[in-house]
Amino acid sequence: MSTRKGNLTIYNSLTGKKEKFEPLINGFVGLYVCGPTVYSHVHLGNCRTFISFDMVYRYLKHLGYKIRYVRNITDAGHLENDAEEGEDKIAKKARLEQIEPMEVVQQYTINFHEVLGRFNNLPPNIEPTATGHIIEQIEMVKKIMQEGLAYEANGSVYFDVEKYNETDNYGILSKRKIEDLVSGTRELDGQDEKKSPLDFALWKNAAPQHIMKWPSPWGVGFPGWHLECSVMSTKYLGEQFDIHGGGMDLKFPHHECEIAQGTAATGKKPVRYWMHANMLTLNGKKMSKSTGNTLLPEALFSGNNQAIGKAFHPIVVRFFMMQAHYTSTLDFSAEALDAAEKGFHRLSEAIEMLEDLSVQQSSSIDVQKLIDSFYAAMDDDFNTPVLIARLFDASKFIQNVKAGKAQLGLEDFKSLKAKMNAFFFDVLGLQKIDQDEDDSLGTVMELVLSMRQKARNNQDWDTADSIRDKLQEANIKVKDGSDGATWSKN
RNA sequence: GGUCCUGUGGCCGAGUGGCUAGGCAGAGGUCUGCAAAACCUCGUACAGCGGUUCGAAUCCGCUCGGGACCUCCA
């Protein structure tokens, strides 16, 4: 397995190129992904990002790397906007619902974990919170101030972007020029504290009515949004680490600011490979909480929604997402999900069929080459759609072996089974959707099908067909094969 | 307005100079008592116009359409 390491290439948003992946420390990977601000339910667009990086984590794991996967929970500091009166999102929600901020945090953190669990996401190794790292954040602010790249104004501390840009490059990630940014800035109220509209808050002074605030050398306040990620990634992964992921919409300003903060505080560029997952769209427009163009996972799983109007299993949704590359936008529609659902079941059946396939002396195709193609797809910047295409090729082969039209040797059988399972379950994170959890149904069906077989043996087609029709009405589909009938629930 | 991305057959979606994925839907066939499933065959698609090239969906230019970011968003 470890021999598979070393061929992976990753599209690095920082350089705009696909690069060979070489971790800082051989065999180990530090992975940081920007988590949610837990002030409301996660929607499907949010989920796509987390599912994409779950897949990245899973493949790195499969390749044999030891990974420390850190994904934060933002439970403070995320402002409604950057203006003077900008309110913390969590605090605002707490005020509106008249509950404690930490109740808001708790409620939506639980929801977040529950939803990702249904998508079969693996938990990260560390899931730190912003409020748990206030001291570290204050320390980093001090450090940046010592470097002369931040200044205090009325109890708030701002990052001095223009000064930083004199010796460094603010805009290196988002490919923006500072002059363009300045000219494009709109007039926001209460920005007179800042030297430049581009400057962003490291620490914000809290007005008396604020409920979430902490003491600091600059007075009572709360940390700026971008700071937590810099602090927590540095704390758990080091001043420089391998991969930082997040949604495309975080590229600017969030990630740009992270680079600036990290560089200012440590003198090192914090991240070696930046990865950005693209947006999930609904009706061709980005899913977004603020515009209301969203779909909640629950609504999709239950079918209780206007946008799609049909229930889909979370694993089918995951499969659907895996059929597109993580760097492409993906549009959600009932038709596309329907197609994915059918394809998923076909692939699923082939995986099941592989369990007890009869084996011959040798194989009629080059099985090793097929397996290599799985790796080639994933090594090419986690190209899951191509991987799935190759898995379908394999599924066709499996069907042919089953039908006696192709042969599979014992050794090939073992490795194909191992790799198909590894890619389907471990890498893509898919699961069998159990159709017969109730064991008694299985026993009953065995009985019914054997009775039907008797009727068929007697050429009593009326009885045989009526059994099949009745079962169909009960949503159980009977498929007659050469070696007996099988059934499945629709 | 600025910066950037994108436009692939009925639908979804890979592919970044020649070897022209895959899924769904559709047509024909094999198998089967019939049906379903499965398998086989079939679509010469790359927004438009021009250019570079022996050769372009793939590179360049223009036009048109869609989107993202520039303010919070995965």
Side-chain angles (χ1 to χ4, degrees), chain A residues 16 33-37 39-40 42-53 78-83 86-87 89 171 174-177 179-186 188 197-198 225 245-254 256 276-281 284-291 294 319-320 323-325 327-333 335-344 346-347 349-350 353 373 377 380 383-393 395-396 398-400 402-403 405-406 456 459-461 464-465 468-469 472 477-482 485-486 488:
Chain A
V33 174
C34 285
T37 302
Y39 71 103
S40 67
V42 279
H43 64 244
L44 280 161
N46 303 133
C47 292
R48 185 189 183 198
T49 297
F50 301 123
I51 291 170
S52 293
F53 288 106
H78 201 158
L79 302 182
E80 286 285 307
N81 58 58
D82 211 15
E87 192 172 5
K89 281 175 186 268
S174 53
K175 316 282 183 276
R176 281 157 209 264
K177 289 195 176 65
E179 311 84 69
D180 295 340
L181 285 169
V182 174
S183 68
T185 308
R186 296 180 213 169
L188 287 174
L198 294 183
W225 172 41
M248 201 79 107
D249 49 356
L250 295 184
K251 206 170 179 181
F252 189 90
H254 187 56
E256 196 69 62
H276 287 97
N278 215 326
M279 300 294 102
L280 187 67
T281 62
K285 291 268 193 320
K286 176 188 171 185
M287 257 192 221
S288 163
K289 286 179 189 171
S290 53
T291 60
T294 60
F319 180 77
F320 170 71
Q323 275 193 301
H325 192 81
T327 56
S328 303
T329 55
L330 177 63
D331 195 58
F332 237 59
S333 70
E335 295 75 26
L337 280 162
D338 257 329
E341 186 175 50
K342 285 179 188 162
F344 172 76
R346 205 154 80 79
L347 189 56
E349 274 168 34
M353 203 173 272
S373 75
D380 185 13
N383 200 328
T384 53
V386 169
L387 169 65
I388 289 171
R390 298 289 79 77
L391 292 178
F392 272 112
D393 291 345
S395 118
K396 201 172 272 187
I398 291 164
Q399 291 281 6
N400 276 323
K402 177 83 173 175
K405 290 187 203 163
R456 295 181 75 208
Q459 304 208 335
D460 179 0
W461 308 125
D465 289 355
R468 188 175 61 199
D469 293 347
Q472 181 61 53
K477 190 185 276 178
V478 176
K479 293 175 245 182
D480 290 322
S482 51
T486 57
S488 62

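Each chain gets a letter, A, B and so on, in the order the sequences are listed, and its residues count up from 1.
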Checklist outcome for this item: The nucleotide from B:C39, B:G13, B:C12 with an atom nearest the side chain of A:Phe320 is B:C12
Next on the checklist: I'd like the P distance from B:C72 over to B:G65, given in whole Å.
Outcome noted: 30 Å
Item to check | For B:G1, the Watson-Crick or wobble counterpart (both distances under 3.5 Å) | outcome: B:C70
Next on the checklist: Rounded to whole Å, please give me the gap between CG in A:Asp393 and P in B:G23.
Outcome noted: 7 Å
Item to check | Distance, rounded to the nearest Å, where A:Lys285 contributes NZ and B:G66 contributes C1' | outcome: 8 Å
Item to check | Point-to-point distance, once rounded to the nearest 0.5 Å, from CD1 of A:Ile398 to CG of A:Leu391 | outcome: 9.0 Å
Item to check | Separation between the C1' atoms of B:U8 and B:U30, rounded to whole Å | outcome: 32 Å
Next on the checklist: Between B:U6 and B:C19, how far apart are the two C1' atoms, rounded to whole Å?
Outcome noted: 27 Å
Checklist outcome for this item: RNA chain B nearest-nucleotide lookup for A:Phe50 and A:Ala340: closer to the 5′ end is A:Ala340
Next on the checklist: Taking any heavy-atom pair under 4.0 Å as a contact, classify A:Gly45: base, sugar-phosphate, or nothing.
Outcome noted: base
Checklist entry - How far does the C1' atom of B:A56 sit from the matching atom of B:U44, given to the nearest Å? => result 16 Å
Checklist outcome for this item: Ranking A:Cys34 and A:Ala389 by the position along RNA chain B of their nearest nucleotide, the one closer to 5' is A:Ala389
Checklist outcome for this item: To the nearest angstrom, the CZ-C1' distance between A:Phe332 and B:C11 comes to 16 Å
Next on the checklist: Considering every strand and a 4.0 Å limit on heavy-atom distances, what is the contact class for A:Ser328: base, sugar-phosphate, or nothing?
Outcome noted: sugar-phosphate
Next on the checklist: Give me the distance, rounded to whole Å, that separates B:A14 from B:U3 when you measure between the P atoms they each carry.
Outcome noted: 28 Å
Checklist entry - Do we see A:Trp461 stacking on the base of B:G33, given a limit of 5.5 Å between centres and 30° between planes? => result yes
Checklist entry - Any chance the side chains of A:Thr327 and A:Asn278 put a donor and an acceptor closer than 3.5 Å? => result no
Item to check | Listed nucleotide nearest any side-chain atom of A:Ser290, set B:A14, B:G23, B:C72 | outcome: B:C72
Next on the checklist: Does a side-chain N or O of A:Asn278 approach OP1 or OP2 of B:A74 to a distance below 4.0 Å, or not?
Outcome noted: no
Checklist entry - So does A:Asp480 reach the base of B:C34 with its side chain, donor to acceptor, closer than 3.5 Å? => result yes
Checklist entry - To the side chain of A:Gln399, which of B:C39, B:G13, B:A14 is closest? => result B:C39
Checklist entry - Under 4.0 angstrom, heavy atoms only, what part of the nucleic acid is A:Lys286 near: base, sugar-phosphate, or nothing? => result base
Checklist entry - Hey, does A:Leu280 reach any base, or is it just sugar-phosphate, or nothing, if we go heavy atoms under 4.0 Å? => result base
Item to check | Touch class at under 4.0 angstrom, heavy-atom based, for A:Lys251 against every strand present | outcome: nothing
Checklist entry - When all nucleic acid strands are considered with a 4.0 Å heavy-atom cut-off, which category describes A:His276: base, sugar-phosphate, or nothing? => result nothing
Next on the checklist: Among B:A74, B:G22, B:C24, which nucleotide has an atom closest to any side-chain atom of A:Phe392?
Outcome noted: B:G22
Next on the checklist: Counting only side-chain nitrogens and oxygens, does A:Arg176 get under 4.0 Å of the OP1 or OP2 atom of B:G2?
Outcome noted: no
Checklist entry - A:Phe252 has an atom CZ; how far is it from atom P of B:U71, in whole Å? => result 7 Å
Checklist entry - Of the nucleotides B:G13, B:A35, B:A74, which one has an atom closest to the side chain of A:Thr37? => result B:A74
Next on the checklist: With a 4.0 Å limit, can you tell me whether A:Lys396 has a side-chain N or O closer than that to the phosphate oxygens OP1/OP2 of B:C39?
Outcome noted: no
Checklist entry - OG1 of A:Thr49 to CG of A:Asp249: how many Å apart, nearest 0.5 Å? => result 7.0 Å
Checklist entry - So which nucleotide from B:G33, B:G23, B:A25 ends up closest to the side chain of A:Ala464? => result B:G33
Item to check | Separation of A:Asp460 CG from A:Asp465 CG (nearest 0.5 Å) | outcome: 9.0 Å
Item to check | Exceeds 12 heavy-atom contacts within 6.0 angstrom, atom NZ of A:Lys175 | outcome: yes
Checklist entry - Of the nucleotides B:C70, B:A35, B:A21, which has the atom closest to the A:Pro253 side chain? => result B:C70
Next on the checklist: Please give the distance between the P atoms of B:A57 and B:G17 as a whole number of Å.
Outcome noted: 13 Å
Next on the checklist: Below the 4.0 Å mark, does B:C24 have OP1 or OP2 next to a side-chain nitrogen or oxygen of A:Arg346?
Outcome noted: yes
Item to check | Touch class at under 4.0 angstrom, heavy-atom based, for A:Arg456 against every strand present | outcome: base
Checklist entry - What interatomic distance, in whole Å, is found between P of B:C24 and the corresponding atom of B:C40? => result 12 Å
Next on the checklist: Check this for me, if you would: do A:Lys479 and A:Glu349 make a salt bridge, where the nitrogen-to-carboxylate-oxygen distance has to be below 4.0 angstrom?
Outcome noted: yes
Checklist outcome for this item: Side-chain contact check for A:Glu335: nearest option of B:C24, B:C72, B:C11 is B:C11
Next on the checklist: Over all strands shown, is A:Arg390 touching base, sugar-phosphate only, or nothing at heavy-atom distances under 4.0 angstrom?
Outcome noted: sugar-phosphate
Next on the checklist: Taking any heavy-atom pair under 4.0 Å as a contact, classify A:Asp249: base, sugar-phosphate, or nothing.
Outcome noted: base
Item to check | Distance in angstrom units between A:Asp469 CG and B:A36 P, rounded | outcome: 12 Å
Checklist entry - With both distances under 3.5 angstrom, what nucleotide forms a Watson-Crick or G-U wobble pair with B:C62? => result B:G48
Checklist entry - Reckon A:Val33 touches a base, only the sugar-phosphate, or nothing at all at heavy-atom distances under 4.0 Å? => result nothing
Checklist outcome for this item: Between CG of A:Asp380 and C1' of B:A21 the distance, given in whole Å, is 13 Å
Item to check | Atom pair distance, as rounded to whole Å: NE2 in A:His325 and C1' in B:U6 | outcome: 15 Å
Item to check | Distance between P atoms of B:G22 and B:G43 (Å, rounded) | outcome: 12 Å
Item to check | Gap between atom CG of A:Asn46 and atom OG1 of A:Thr37 - 0.5 Å precision | outcome: 9.5 Å
Item to check | Heavy-atom closest pair, residues A:Thr384 and A:Ala324 | outcome: OG1-O, 3.6 Å
Checklist outcome for this item: Regarding the side chain of A:Lys89, the nearest nucleotide among B:G13, B:C72, B:C34 is B:C72
Item to check | Atom pair CZ (A:Phe344) and CD (A:Gln323), whose distance is rounded to the nearest 0.5 Å | outcome: 11.0 Å
Checklist entry - A:Asp465 near the nucleic acid: base, sugar-phosphate alone, or nothing, with a heavy-atom cut-off under 4.0 Å? => result base
Checklist entry - A:His254 has an atom NE2; how far is it from atom P of B:U71, in whole Å? => result 16 Å
Checklist entry - Using a cut-off of 4.0 Å on non-hydrogen atoms, how would the nucleic acid contact of A:Ala277 be classed: base, sugar-phosphate, or nothing? => result nothing
Item to check | Pairing nucleotide - B:A38, Watson-Crick or G-U, each distance under 3.5 Å | outcome: B:U30
Checklist entry - What nucleic acid atoms does A:Lys177 come within less than 4.0 Å of, heavy atoms only: base, sugar-phosphate, or nothing? => result nothing
Checklist entry - Which nucleotide in the set B:A21, B:A74, B:A36 lies at the smallest distance from any side-chain heavy atom of A:Lys477? => result B:A36
Item to check | Ionic contact status for A:Lys396 with A:Asp393, cut-off 4.0 Å | outcome: no
Next on the checklist: Under 4.0 Å, counting only non-hydrogen atoms across every strand here, what does A:Met248 touch: a base, just sugar-phosphate, or nothing?
Outcome noted: nothing
